[in-house]
Amino acid sequence: MSIIYIITISLVALAIFFNKYIHKYNIYLYILSIIVSIILYSSEANVVTFGYVGFSFMAVVMFTGVLENGKLRRKLVTVRAEYAIIGFILLLPHGIIYLVYVIEDVGFFNAPFHFYFGVLSLLVATPLAIISFPKIRKWISYKKWKTIQRFSYLFFALVALHLILLQNSRMWLYIALFMTYTLFRSYMFIQKKVVTSTKISS
Amino acid sequence: MKNKILLLILLIIGFFSFLKEPISDTFDTIAGATNQTYNVQIDGIAGASEEDEEDEEEHEDYEEDEE
């Protein structure tokens, strides 16, 4: 998991210093991500096909949601949609490689549990990534967009199950990471509820 | 305050992750090499064990057969 930490810290640093550029030139970054994905898909096992880079982008997206309002959150929110789309693009080679491998060599119904959670998470992430594009976002109402975006919690949960059920040496670290997110998210949710109910009663 | 607590927790998780995984393996993987720390996923899907007792037992059986 230290690899995820190194990439995530780099991504946060990039967001802090270059958030405006990342947001402005997002199309070029998407194209670059697609090219990188295609090249690395056809090469030997690497950080992208292992899923580390894609997950690192998603980790930034995930934890941005639980940050307190302030400078850091503002900077990360600026690039949140971009990071989500790039993360999704970079997770595709990981998903496709393992899907092909399982279908060809193991058999789709003989795969371990964590594989199915991985497939499901990619299926859930697909519409989320599509509606993250600003042009597509404009086509749908804010209410509908927000409802679809709620599925990101399902995506995070599926990714958590996928990683935890791998039952490798990093399992406890993954549990700690997702537990932290769940606790902070729940706290935010309760806080929001309390504020809303106070406003209504007053 | 909440950000600071979050940062602290993430730092603790990060500390344990760096403790568990050799930094040299991490940099090797970024550079494109696979190693013991970062090469188990395919084996995991295929149902192979990762250097556990089963491997040792199999090895012992093999040695017994040879004898």
Side-chain angles (χ1 to χ4, degrees), chain A residues 1-10 12 40 43-53 59 63 66-73 94 97-99 101-102 105-106 110-112 114-115 118 163 165-181 183-184 187-188 191, chain B:
Chain A
M1 201 154 97
S2 44
I3 200 162
I4 293 165
Y5 261 83
I6 291 171
I7 301 168
T8 305
I9 292 165
S10 313
V12 171
L40 294 179
S43 61
E44 274 182 40
N46 52 66
V47 276
V48 170
T49 55
F50 275 145
Y52 298 133
V53 181
F63 280 99
V66 295
L67 286 175
E68 252 175 359
N69 284 333
K71 254 187 181 177
L72 181 66
R73 187 188 157 93
H94 171 68
I97 279 180
Y98 283 96
L99 188 65
Y101 172 75
V102 165
D105 293 0
V106 183
N110 298 325
H114 66 79
F115 166 77
L163 293 170
L165 289 174
L166 271 168
Q167 288 182 310
N168 59 17
S169 55
R170 287 163 224 139
M171 187 180 79
W172 288 106
L173 295 169
Y174 289 134
I175 290 174
L177 196 73
F178 284 101
M179 277 289 283
T180 306
Y181 173 75
L183 284 173
F184 275 80
Y187 174 74
M188 274 186 87
Q191 211 179 23
Chain B
M1 183 65 183
K2 205 178 80 182
N3 283 1
K4 282 176 188 165
I5 298 168
L6 179 65
L7 185 70
L8 185 71
I9 296 169
L10 293 178
L11 277 174
I12 294 167
I13 301 171
F15 172 75
F16 281 106
S17 103
F18 281 102
L19 208 68
K20 229 173 155 59
E21 296 166 354
I23 194 83
S24 55
D25 280 0
T26 303
F27 285 115
D28 282 352
T29 308
I30 293 172
T34 52
N35 48 56
Q36 213 170 325
T37 312
Y38 296 107
N39 72 345
V40 293
Q41 275 84 346
I42 285 275
D43 288 347
I45 279 197
S49 51
E50 300 169 31
E51 281 189 298
D52 59 5
E53 292 135 22
E54 261 177 54
D55 293 340
E56 282 164 27
E57 279 168 21
E58 274 173 28
H59 189 65
E60 279 166 20
D61 290 345
Y62 179 71
E63 278 175 354
E64 276 171 26
D65 288 344
E66 269 192 333
E67 280 168 18

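Proteins come first, then strands; the chains are lettered A, B, ... in the order of their sequence lines, and each starts at number 1. All heavy atoms count here, side chains included; hydrogens, waters and symmetry mates do not.
Of all the heavy atoms in Ser17(B) and Tyr5(A), the pair that sits closest is OG-CD1, 4.1 Å.
Shown here are the side-chain hydrogen bond (donor to acceptor under 3.5 Å, both in side chains) partners of Gln191(A), two or more places apart in sequence or in another chain: Tyr187(A). Phe63(A) meets the ring-ring contact (aromatic ring centres under 6.0 Å, His included) test with Tyr181(A); sequence neighbours excluded.
The distance from atom CG of Leu67(A) to atom CG of Leu7(B), rounded to the nearest 0.5 Å, is 9.5 Å. With rounding to the nearest 0.5 Å, the separation of CD1 in Ile13(B) from CD1 in Ile4(A) is 11.5 Å. To the nearest 0.5 angstrom, Thr180(A) atom OG1 is 10.5 Å from Leu8(B) atom CG.
Residue Ile5(B) touches chain A through both its backbone and its side chain, counting heavy-atom pairs closer than 4.5 Å. Looking at Met179(A), there are no atoms closer than 4.5 Å to chain B (heavy atoms on both sides), in backbone or side chain. Both the backbone and the side chain of Leu10(B) come within less than 4.5 Å of a heavy atom in chain A. Using a 4.5 Å cut-off between heavy atoms, Val53(A) does not touch chain B at all.
Using a 4.5 Å cut-off on side-chain heavy atoms (C-beta onward), Phe18(B) and Ile6(A) make contact.
Atom CZ of Phe178(A) has more than 12 heavy atoms from other residues, nucleotides or ligands within 6.0 Å.
Looking only at distances, no side-chain donor or acceptor of Lys2(B) sits under 3.5 Å from a matching main-chain atom of Met188(A).
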